[in-house]
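Just so we're on the same page: letters track the sequence lines, and every chain starts at 1.
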Amino acid sequence: MIDLRVLRDTPDVVRTSQRLRGDDPSLVDAVLDLDARRRAALTDYERLRAEQKSLGKEVAQAKGDAKAELLTRGKTLADQVKALQADADAAAVELDEVVSRIGNVVIDGVPAGGEDDYVVLRHIGTPRDFAAEGLRPRDHLELGEMLAAIDTERGAKVSGARFYYLTGIGARLELALLTAAMDKAMAAGFTPMITPTLVKPEIMRGTGFLGAHADEVYRLEADDLYLVGTSEVALAGYHSDEILDLADGPRRYAGWSACYRREAGSYGKDTRGIIRVHQFHKVEMFSYAKVEDAQAEHARLLALEEEMLALVELPYRVIDTAAGDLGSSAARKFDCEAWLPSQERFLELTSTSNCTTFQARRLGVRERVEGETRTVATLNGTLGTTRWIVAILENHQQADGSVRVPEGLRPYLGGLEVLTPQASGAGA
RNA sequence: GGAGGGCUGGCUGAGCGGCCGAAAGCGACGGUCUUGAAAACCGUUAGUGCGGUAACCCCGUACUCAAGGGUUCGAAUCCCUUGCCCUCCGCCA
C-alpha cells in the first residue's frame, strides 16, 4: 500500500511512477478525490459523535423530565451518528479499493517500459561454446532422465502437468543446492527459517500478491487460506503488527519452503521439464531495514545472489527490471539470469526486490525512532530454487551425458565430482 | 469430536453499563543524589486516523480493551458469531 501522505503531498511523483509502470496515472486523482470525500465524511461523523458522547454524560446526571427529554434527543442523535458512521466507513472502503490498485513508487533510475525494456547491468562468466567443442547440448530433461534425476511422466500421472519427481541424485542435488544456500545466508547473518506455506488472506494481501496477479495464487476455499508462491509471504507476515528495533541493523531471515504457483496464463510456455512448475523449493532471503538503508541492503542481497551463482559456476547476466515488469510491491527489482545452452537464451534464476515501505505499511511492521514509530522497508531475494538444477545440469554437462559437479556443491554431495548416467534411466 | 476456562497497554494484572484509553506493579526512559555504579527518591511512558498549523513540537477530536455484529441515550463491562490460547475427556498418530 502506498503512503497516502506521499500521494497527497506529491501527487506528481506518483503519477510519474504510474506512467513508468504503464499504469493509469488518473488513479492518483481518483484517490485524491475519494480521500477528500472520506475526510469530509469523517469530520461530519466525528462532530456528531462528540455531541453524542457529551450528551451521554448529561444524561447520567440529569433527573426527571430533563432526563426524559435528553433521552429522546439522544435517541435521534444515535440514529444520525449511525448513518454518518456508515457513510464514513463506505468512503474509507471505496478509497482503499482504489489505493490498492496503485503500485509502489518506482525508484529513480528504474527503466521505463515493459517486460522487454530491462537494462542489462553486466555479464558474468562466458557461456560455453558447445559448437567449438563439437557438442550438441542436451536439455535438462534429457540429462535429468539419463541421470535418473527427474521424472516428469510420473509427476504428470500423479498430479498433472507441471508436476515432477526429483529422484535419486536429483533429490540429493536439490538438497545440496538449498543447503549450500542456507549456509551462505547464515554466514551473512541471516536467521534460517522453515516457514508455513499456508497463510491467511490478510497476510497474502499485505504482501501484494492479491493484486494484478491474484490468479497466480492457489486458494483453499474450504479453509480460507492461500498457498504461498514464495516464503517471502510468510517472512513478511512474521513481524506483522510489530514494532521492531533496527538500531543494530536490518533483521535478516532466510526462509526454506515449498512454493506453489498456478501458472495461469502460461499455457504452452516452458512446458518441457522443470523450468516452469506448480511446486518447487526455494531458499529466500528477506530483510527488514530502515528506509534509508534499503538501497544498500538491496545491493547486499544482489551480491549474495551473485556469490551463490559463482558457487555453482554458472554464466549469467544481471538485469535491472523495467517499471512495467515490477510487481506491485516492488520499487526496484534486479534479476540474475543464467545462460541456458539448450535454448540459447537467459533464464531467470534469482530476483531481488526492494519493496520500500509498501508491504510493511499494510502489514503494520514499524520501528521506533526517537519516540516516533514509522514504517520499515522490506526486501527479498532468491538464493536458490529447484530451477537452478536446470542450469546446473545443462551448463556442466559432458559429451557422454554425465554432469560435472561444481566444486562449491561437492561438500554437500559427499565429495561427488561427477553425476553419471544410469543405464536404466529414471525409475524404470 | 465433546465439556469447561480465558483473550485488557512493552510485560504482569485490576476494572460497578456513564466520572475508563483504562488502577496498580514491573520494565524502559529522563532527573536528583554519587568519584562512578547500585539503591533510594521525583517525573515521563500505547497506537492510529482526521482537523487546526509551515510543522512528524503542540492543541482539539475520533477510533482501538482478540475480530465482527447486536442491545442501549451511553459498552472494556450485557448478548450473538468467529478466531486464538489453556485445561479435561474421546479419537487418530
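Note on Lys75(A): a side-chain N or O is less than 4.0 Å away from OP1 or OP2 of rC73(B). The phosphate of rC63(B) (OP1 or OP2) has a side-chain N or O of Arg49(A) nearer than 4.0 angstrom. Side-chain nitrogen and oxygen atoms of Lys53(A) include at least one within less than 4.0 Å of the OP1 or OP2 phosphate oxygen of rC63(B). Between rG51(B) and Arg47(A), no contact under 4.0 Å exists linking OP1 or OP2 to a side-chain N or O. In this structure, Gln52(A) does not reach the rC73(B) phosphate: none of its side-chain N or O atoms is under 4.0 Å from OP1 or OP2.
At whole-Å resolution of the value, CD in Glu242(A) and P in rG47(B) are 16 Å apart. Between the CG atom of Asp96(A) and the P atom of rC50(B) there is a distance of 13 Å, rounded to whole Å. Separating the CG atom of Asp44(A) from the C1' atom of rU61(B) is a distance of 14 Å, rounded to the nearest angstrom. What separates CZ of Arg37(A) from P of rC50(B) is a distance of 17 Å, to the nearest Å. Separating the CG atom of Leu244(A) from the C1' atom of rG10(B) is a distance of 13 Å, rounded to the nearest angstrom.
The 5' end of RNA chain B is approached more closely, in terms of each residue's nearest nucleotide, by Gly56(A) than by the other of Gly56(A) and Arg39(A).
In this structure, Tyr260(A) and Tyr218(A) have perpendicular ring planes: the angle between them is above 60°, well past the 30° mark. Taking the six-membered ring where tryptophan is involved, the planes of Tyr253(A) and His239(A) are tilted, since the angle between them lies from 30° to 60°.
With respect to the salt-bridge test (charged N to carboxylate O, under 4.0 angstrom), the residues Glu145(A) and Arg272(A) do not qualify. Remark: Asp79(A) does not engage Lys75(A) in a salt bridge, criterion side-chain N to carboxylate O under 4.0 Å.
When heavy atoms are screened at a 4.0 angstrom cut-off, Arg374(A) is found touching no nucleic acid atom at all.
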